[in-house]
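Just so you know, these numbers use all the heavy atoms, side chains as well, and skip hydrogens, waters and symmetry mates. Chain letters run A, B, ... following the sequence lines, proteins first, then strands; residues in each count from 1.
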Amino acid sequence: MVLSNNDGCIISRSDEAKKLGVQMAGPYFLAKPLIEKHNISVFSSNYNLYGDLSWRVMETLRTIVGKKNVEVYSVDEAFLDLSIFSKEELPAIAKEIKSTVEQWTGIKVSVGIAPTKVLAKLANRFSKKEKEKTGCVVILDTEEKIIEALRQTSVADLWGVGHQYAKKLQEMWGIYDALQLRNVSEMFAKTNLGGVVGARLIRELRAETSKEMEEELSSKKMIATTRMFGSPVGDIASIKEAVATYTSRAAEKLRRQHSAAKVISVFVVAKEQDHTTNFRMKNANSRQIELPSATSFTNELIKPAVQMIDQLFEKGKLYKKAGVMLSGIVPDESIQGNLFREDNKNCERRLMDMIDNVNFSQRDDVLKFAASGTTRDWKMRQELRSGRYTTRWNELFEAR
DNA sequence: TCTGGGGTCCTAGGACCC
DNA sequence: TCTGGGGTCCTAGGACCC
C-alpha cells in the first residue's frame, strides 16, 4: 500500500491489502497492527516515479488511438475517443490497448467502453470489480447492458455524485441506484444536483453525450503548493523557509506551463486547527496580494510571500501546515505591462531558465534561493519511499 | 408625489474529482 | 503522537455601468 504525503494516511492499496481489510484513506498509525501482522509492504508516495510511468502509459495510448483522441484525465486515467471504430471492432481494440500498455510499460490497466464518459467510468468500475470474469474489460454497447449496469450501481458510486448529493438523493427522495437516477427529469437534476452540472449527469446516464472530450493543452488556472510539516513548527524563520520553498516550487510549475501569475496568497494552519476545513474558507489564516504585474520569477514571488508570513504568524503558536497559491494566471508572452516599472526583464528570464535546467538535469533544488534555507527541519516525512527508478540516474533499478 | 431595464464583472462558497 | 495535495466548475449575490 501507498501512503499520503507525510506518511499520514493510506491512499492506495493492492488487491491483497484490500482483502486483508486495510481501509482506504484510513490513518496509517491505526492500520499498523494489521500491517505488521500480515507483513504488508508500505511505501511513501513517490510522485516522480508515478508521473514518469503515467507519461509512458499515456504515450502508449496516443500511439494506439492517435494523439488527438486521448484526453488525460488524471495520473492514472484517460478518456479515449473510440468513435472512429465500429461496434464490432471494440472488443479487439480494447484488448489491444490493454495488452500493449502492459507489454510496453508493465502497468496493468482496465478498460471500460460506453457511449458517454459517465457510462464509461461505470463500465470501468465493473471491469475492476470482477476481474476474473471480465478480464478487466467491460463494454456497455447495448441498452440492456447499460440498464443492468445502472441497476447494480449505487448513486454514490457514480462519477459526479459525491457525499452530499448521495445523501440527499437517498434520504430525501429514496433514489438509491443509478437506474432510478437516470429516470428523474432534467428539471429535478437542475434544481437539486447543482444546476447544469446535474442536468449533464442525467443526460450522460441516458447515453446522451454532454461531457465532451477536452483539449489537452489547457493550462492551469490556479497553482498551489501546500504541505503539512514533518512535525509542528513554532519559529517564524522555519515557516518562512518553508513558504519560500513552496513558492519556488509553484513558480517552477508556472514556468513549465509558460504562464505568469498576478495574485499570490499564503496560508498557515495552526496545530490545533482542524485542517480538514477547507483553507479557502473565510476563517483560514490567509493573506492575498495582487502584484503590480504578472510574473513567473521566483525572486519576485518569494518576497511578498514571505512578507505575508510576518502578518500571519502569531508568536507562541505551533503550526502544522502552510501553503502558497498562485492565481490570476496569464500566458507569459502577453504580460500586461505596468507603466511605473522598467520592463527589461531578459536577464531574469535567462536566470530562471538556467535554474530550471540545472535542477531538472541534476536533482531538485541543487540550485535554490537562500530564503529557502538549508536545514529544513520542517520537511515532510517520507520515510518509506521507493526508488525513483526511471527519473534519477543514481536511483536506477539494479539487477544482478 | 414620485424613480426602469438591462447588463457585466467579481468574489465567496459549495459541490465535485483523483 | 499520529489523518494529503491539487485541482475544476457553477451559482448567487453584490457592486457597478449606461
Is it true that, when you exclude Y47(A) itself, more than 12 heavy atoms of the residues, nucleotides or ligands shown sit nearer than 6.0 Å to its OH? yes
Take atom CG of N5(A) and atom P of dG4(C), then tell me their distance rounded to the nearest Å. 9 Å
Taking only side-chain nitrogens and oxygens of R200(A), does any of them come within less than 4.0 Å of OP1 or OP2 of dC9(C)? no
Per nearest nucleotide of DNA chain C, the residue lying toward the 5' end, R227(A) or Y28(A), is Y28(A)
So, does K211(A) get its side chain near the phosphate of dC9(C), meaning an N or O under 4.0 Å from OP1 or OP2? no
Separation of dG6(C) C1' from Y50(A) OH (nearest whole Å): 16 Å
Report which part of the nucleic acid Y165(A) touches: base, sugar-phosphate, or nothing (heavy-atom distance under 4.0 Å, all strands). sugar-phosphate
At under 4.0 Å, does any side-chain N or O of K320(A) touch on OP1 or OP2 of dT3(C)? no
Expressed as a whole number of angstroms, how long is the span from K220(A):NZ to dC17(B):C1'? 14 Å
What nucleotide, of dT8(C), dT3(C), dC18(B), holds the atom closest to the side chain of Y73(A)? dC18(B)
Please state how far atom OH in Y246(A) lies from atom P in dG4(C), giving the value in whole angstrom units. 13 Å
Before accepting this row, confirm whether a basic side-chain N of the pair K98(A)/E102(A) lies closer than 4.0 Å to the acidic partner's carboxylate O. yes
Just call it for K190(A): base, sugar-phosphate, or nothing, with non-hydrogen atoms closer than 4.0 Å on any strand. nothing
Can you check whether T226(A) has a side-chain N or O nearer than 4.0 Å to OP1 or OP2 of dG6(C)? yes
Can we say R249(A) and D365(A) salt-bridge, meaning some charged N sits less than 4.0 Å from an Asp/Glu carboxylate O? yes
Do M325(A) and V269(A) share a hydrophobic cluster (ILVMFWY, side-chain heavy atoms under 4.5 Å, transitive)? yes
Taking any heavy-atom pair under 4.0 Å as a contact, classify D7(A): base, sugar-phosphate, or nothing. nothing
In whole angstroms, how far is the P atom of dT8(C) from the CH2 atom of W159(A)? 15 Å
For N6(A), answer base if it contacts any base atom (sugar-phosphate contacts may also be present), sugar-phosphate if it contacts only those atoms, and nothing otherwise; contact means non-hydrogen atoms under 4.0 Å. nothing
For atom CD1 of I223(A) and atom P of dG6(C), their distance in whole Å: 11 Å
Rounded P spacing from dT3(B) to dC18(C) in Å: 23 Å
Can you tell me if K253(A) touches the phosphate of dG6(C), counting only side-chain N or O atoms and a distance under 4.0 Å to OP1 or OP2? yes
Partner nucleotide of dC18(C) by Watson-Crick or wobble geometry (both distances under 3.5 Å): dG5(B)
So what does L326(A) hit on the nucleic acid, given a heavy-atom distance under 4.0 Å: a base, only sugar-phosphate, or nothing? nothing
dG6(C), dA15(B), dC17(B): which one has an atom nearest the side-chain heavy atoms of A224(A)? dG6(C)
Just the rounded figure in Å: distance from P of dC17(B) to NZ of K117(A). 14 Å
Classify the angle between the aromatic ring planes of F313(A) and Y319(A) as parallel (below 30°), tilted (30 to 60°) or perpendicular (above 60°). tilted
Proximity to the side chain of S4(A) - top-ranked nucleotide from dC17(B), dG4(C), dT3(C): dG4(C)
Where the side chain of Q180(A) meets the backbone of Y176(A), is there a donor-acceptor pair that is under 3.5 Å apart? yes
Using a 4.0 Å heavy-atom cut-off, does V161(A) contact any base of the nucleic acid, only the sugar-phosphate backbone, or nothing at all? sugar-phosphate
Of the listed nucleotides dT3(C), dC18(B), dC10(C), the one nearest the side chain of P27(A): dT3(C)
Using the ring of Y28(A) (Phe, Tyr or Trp, six-membered ring only), decide whether K32(A) places NZ or CZ under 6.0 Å from its centre and within 45 degrees of its axis. yes
Answer with base, sugar-phosphate or nothing: what part of the nucleic acid does L30(A) contact at a heavy-atom distance below 4.0 Å? nothing
Categorize T225(A) for me: base, sugar-phosphate, or nothing, with a 4.0 angstrom heavy-atom threshold over every strand shown. sugar-phosphate
L193(A) CG to dT11(C) P: how many Å, rounded? 13 Å
